[in-house]
Amino acid sequence: MIKNQAIIDRIEKYTAGDKAMETLVRKILDDESDGKYFAKSGKIAIEKEAREREARGK
Amino acid sequence: MADTKDRFYIENYVNDHIVPRIDEKKFLGLGKGKGDGSEDIASRSELFLFAMAIGINEGVRTPLATAHGFILDTSLPGTGDFYGIGNAMSLIFSLALSELRKENKTDQVHDLEVARKIAQEYANTGFHIIEGWLDDKNIDEETIMNKTIAKMNRMASGLKKEES
Amino acid sequence: MMRINFIDISNYRQHRYSHLEFPRKKYDMHLILAENGVGKTNIMNAINWCLYEKEPYSDSKNKTLPLCNQVSLNDGLAKGHETETVRVNLNITRDNTTYDFVRAVDVPVKTPYDRRISRLTVTITPPDGNSEMVDGEDARRCAEMCFPPKIRDYIFFDSEQLSSYFDRPANDSNIKDSINEISQVNAVTQAIKHLTDYMKECTKVMSTYNPKLKEKQNAVDKLEADIASMNVTIEKLKDSNDFAKRRIEELNRRLNGNESVADDNNLRDKLTEDIKTLDNQERALDASLKKIVSKYYVLLSLFPINKNTCDYIKDKEDAGQLPSSIDPDEIRRSLENHECTFCKSGLTHTSEQHLRSLLEQFAVSTKAGTKLVEIKNDVDKACREAVKYSDEIEKIKKARKELVDNREVLLRELEEVNRRLSTNSDIESVTDWFKQKTEFENSRETNLQKIGSYETLRDKAEVDLKMARDELVKAQKNSSKCDEARANQDVAREIKEIMENIEKDVSKMIRTNMEIKTKEWFDNLVWKTNSFKEIKINENYDVELIDNMGMSCLGSCSAAEHQLLALAFTLALHKVSGHDSMLFIDTPVGRVSGDNRTNFAKGLLTTSMEKQVILTVTSSEFSEELRKEFTPECRSSMVRLKMNDTEKEVKLEVE
């Protein structure tokens, strides 16, 4: 998982209060640093967020 | 041949083969630059009038075989002070009057299509003469510039004689 | 913070059985003393073999001898054993959690060179005491987490590495890759790559519904790639110019330091600059001349025609054959309504008669006449403008002559200055400096032009990219079947932009912090106060050391200063990247002698107050300078390695 505080701080900064996006970005980076396949984790998380946005009418 | 009656035409050949060479070589500062501010940029109107003037000096009109739109009529008045004279379209009509007087048809002087045809044919001659200069390996741009200036000096001294 | 608690080596190369403890005292400094060939380097190799199953440090005997200790193999053979076990146990503490790494392999005694698969197990004991054992892939990941392979070279050093730390070939991105690995910027970079690939996949899906999408996506991809490439080129050119600027300043200082040369050097620069200004003025004059030629050629060529036109119009006007400024239609309306269209007063019989006779006088057709009246002023102006040609051309000629004369004067002066400079007694150096300076100046000039061109092209490409992106989005919106893929792509794009900002920000922050921390450590280590002004690190992590004169001086530093800078850089790296681990240095002062050893020893001792430092040294290295610094009070442990009589087994003596 991501341990570099500088990266963690900037995830918060650049997601500007959007908690869902902050969680998503953090998850993708944690998975990436742990060597998890993007196709199995990151991609699924992105598609889930896209569906949720559609449901929220964003 | 020329469909829209709001512009001056040149031959397709001139547009495809001669104008690009003038642009590439920035010939006598008449080429259209690439817009990065580093090259001479002359308007198409200036190029057209220059070619027309070459044709007038040669005294030969060359009818257009094909037509490619080159400058809009509205380009010649420009911002209202083209070459320090106001509306450069007046020069086109002046030229037309000169030709029509030879044929006793001065009542057509207001006809833009008639005036346009005359200007286009003189310009066509001029463009083909410029092509000859570009093709001639024995002369370079500096020589042509010097010859042009020499000719202009002669024309100017002719004016002085007239005035005196 | 990470430190090694102990290493236990069984049957590994010269080490039949070696147990090294590293207890912590005020200075976490540990010495391993041994002559060359006794097994110092193989302690580093043992650690690496345990963690990664690799032996990266050179030891000539490793090439010819099997992994398993020879005495052990012979014993095993004598006892009828099939195999002997090679085992290395490394015990570390990292952030209050203990990791016990054990790698073992059974080596056949009769065919000891046969490769066998080794096993790694790790026992993890957190502060609460609940241990967990992992093996296989989990054990491997655990080892890489504690000692990331890419930064191995910044934890374990030998003196050759330290000396050649900054002598990397051009385009070597190992340090940058390693730093990005430690700081996890690599994770961000990889995520961006995966997101980009995913977005392309989404476009592919959308393209199956709308084939034109692929075209438009390709156009966007190409523009993005072109812009990225241009930005890289622009940055390289700017870096190159910054470098050239510093060199020029340095050379100027050298030239100006030579009294007789200083004034002439400045004069030479001024004259060169003035000549350049004249060149620019000449170019501007040429452009003006061309404008004058294109304008007056037209006006002069048309002069006879225009003059005749003016005369013709005047004749017609004098004969009253041209329409007056009053519109004939207005006259007709006035007559029809029996009132003046302008003042509205009724017309008298006389007025009406006058108006009728006016109408009759218009012998030239209304339209033609109107045209002639319209053009009269402009044609007249054209004639008067044409006459101005002679004055205009004269002005240009005069200005050009002045330029040419001025240039001749400046060139003569420049020739004289160059002649004086060439007679200077220190001619070879001065000539060389001037040559270098001219080369750098020319290179800067060329680069500036290139930067300008590239920036223009890039700016245009960015405009094109925006248009291409807008077209792509429009095309995507037009196909309702693409909704799902587009929605996924939008989310991915948003994440990618966030990550790109993070990557750029953090990379820049790391470099800046590296510069600051390296300088701080270097100031502490080098014992020379105020000698060095700053450290600059570029995007490729090339290090430049700048002295107080603003001159780059890495090349003129002593070997010890080089090694101290390498050490400072490494310590900064550990701090800035957040991967604060111990340091293991094999023969650190092998290439350093005399007073410089003292400096280096002092530096290492200071370091050991904050992190564990393990040094292996030979007895010749452990000279008086080192002994004076690494006293028994100052070091936490010292072990002496000796070979036994057979020279096949290492014995340890704890001091």
Side-chain angles (χ1 to χ4, degrees), chain B residues 26-30 34-40 42 46-47 49-57 77 81-101 106-112 115 122 145 148-149 151-160 162-163, chain C residues 283 286-310 312-313 316 364-394 396-397 449 452-453 455-457 459-460:
Chain B
K26 300 166 220 164
F27 194 69
L28 301 181
L30 291 165
K34 292 187 186 103
D36 63 359
S38 64
E39 300 149 350
D40 300 316
E46 288 168 347
L47 174 55
L49 288 176
F50 192 86
M52 185 184 85
I54 295 174
I56 290 169
N57 281 320
D81 188 24
F82 202 102
Y83 281 166
I85 65 170
N87 186 347
M89 276 292 253
S90 303
L91 301 179
I92 305 293
F93 285 109
S94 174
L95 173 63
L97 178 67
S98 166
E99 295 290 299
L100 290 168
R101 282 177 74 184
T106 52
D107 56 344
Q108 287 180 27
V109 71
H110 64 282
D111 190 330
L112 179 54
Y122 275 121
M145 179 66 106
T148 306
I149 292 175
K151 187 179 175 75
M152 286 162 70
N153 290 342
R154 284 195 297 276
M155 287 196 273
S157 66
L159 297 188
K160 283 207 173 111
E162 263 195 56
E163 303 243 299
Chain C
R283 272 192 285 275
D286 278 343
S288 298
L289 177 62
K290 283 177 180 171
K291 281 286 175 205
I292 285 172
V293 165
S294 70
K295 171 181 171 181
Y296 284 100
Y297 186 79
V298 171
L299 293 178
L300 287 168
S301 301
L302 284 168
F303 182 87
I305 290 168
N306 287 339
K307 185 90 182 28
N308 287 339
T309 298
C310 286
Y312 177 84
I313 293 173
K316 292 293 174 198
V364 179
S365 80
T366 306
K367 283 183 182 168
T370 307
K371 182 54 73 182
L372 290 176
V373 168
E374 209 179 278
I375 69 172
K376 174 184 142 188
N377 282 343
D378 292 337
V379 174
D380 184 54
K381 262 195 227 172
C383 291
R384 283 186 277 118
E385 194 66 27
V387 171
K388 293 180 186 171
Y389 165 75
S390 301
D391 288 341
E392 292 291 319
I393 205 79
E394 206 43 50
I396 298 271
K397 265 167 69 175
Q449 286 172 10
S453 300
E455 282 179 340
T456 304
L457 287 170
D459 292 345
K460 186 179 181 303

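Computed from a prediction, not measured in an experiment: that's the story for all the values here. First the proteins, then the strands, lettered A, B, ... as listed; each starts at 1.
In this structure a side-chain-to-backbone donor-acceptor pair under 3.5 Å is missing from B/Ser98 to B/Ser94.
Among B/Leu95, B/Asn153, B/Leu47, the residue making the largest number of heavy-atom pairs under 4.5 Å with chain C is B/Asn153. Ranked by heavy-atom pairs under 4.5 Å with chain C, the list B/Thr148, B/Asp111, B/Ile149 is led by B/Ile149. Note on B/Met145, B/Gln108, B/Lys151: by heavy-atom pairs under 4.5 Å with chain C, the leading option is B/Met145. When each of C/Val379, C/Leu300, C/Asp459, C/Leu289 is scored by its heavy-atom pairs under 4.5 Å with chain B, the top score falls to C/Leu300. When each of C/Leu457, C/Ile313, C/Asn308, C/Val298 is checked for heavy-atom pairs under 4.5 Å with chain B, C/Val298 comes out on top.
Interface residue C/Tyr297: backbone and side-chain heavy atoms are both found under 4.5 Å from chain B. For C/Leu302, the part lying under 4.5 angstrom from a heavy atom of chain B is the side chain only. Heavy atoms closer than 4.5 Å to chain C are found in the side chain of B/Leu97, but not in its backbone. For a residue to count as touching a neighbouring chain, one of its non-hydrogen atoms must lie under 4.5 Å from one of that chain's; by this rule C/Leu299 touches chain B with the side chain only. Looking at B/Ile56, the atoms closer than 4.5 Å to chain C (heavy atoms on both sides) all sit in the side chain, from C-beta outward.
Taking 4.5 Å as the limit, some side-chain heavy atom of B/Met89 sits within range of a side-chain heavy atom of B/Leu112.
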- Item | Stepwise side chain to side chain contact (heavy atoms under 4.5 Å, CB included) check, B/Met152 with C/Ile393 | CA-CA 10 Å; B/Met152 286 162 70; C/Ile393 205 79; 6.0 Å; no
- Message: With side chain to side chain contact (heavy atoms under 4.5 Å, CB included) as the criterion, how do B/Phe50 and B/Leu28 come out once you've worked through the C-alpha distance, each side chain's angles and the decisive distance to 0.1 Å?
- Response: CA-CA 10 Å; B/Phe50 192 86; B/Leu28 301 181; 4.1 Å; yes
- Stepwise, does the side chain to side chain contact (heavy atoms under 4.5 Å, CB included) test hold for B/Phe93 with B/His110? CA-CA 7 Å; B/Phe93 285 109; B/His110 64 282; 5.7 Å; no
- Message: Let's go through C/Tyr312 and B/Thr106 carefully: what are the C-alpha distance in whole Å and the side-chain angles of both, what is the deciding distance for side chain to side chain contact (heavy atoms under 4.5 Å, CB included) to 0.1 Å, and is it a yes or a no?
- Response: CA-CA 11 Å; C/Tyr312 177 84; B/Thr106 52; 3.6 Å; yes
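Using a 4.0 Å cut-off between a side-chain N of Lys or Arg and a carboxylate O of Asp or Glu, C/Arg384 and C/Asp380 qualify as a salt bridge.
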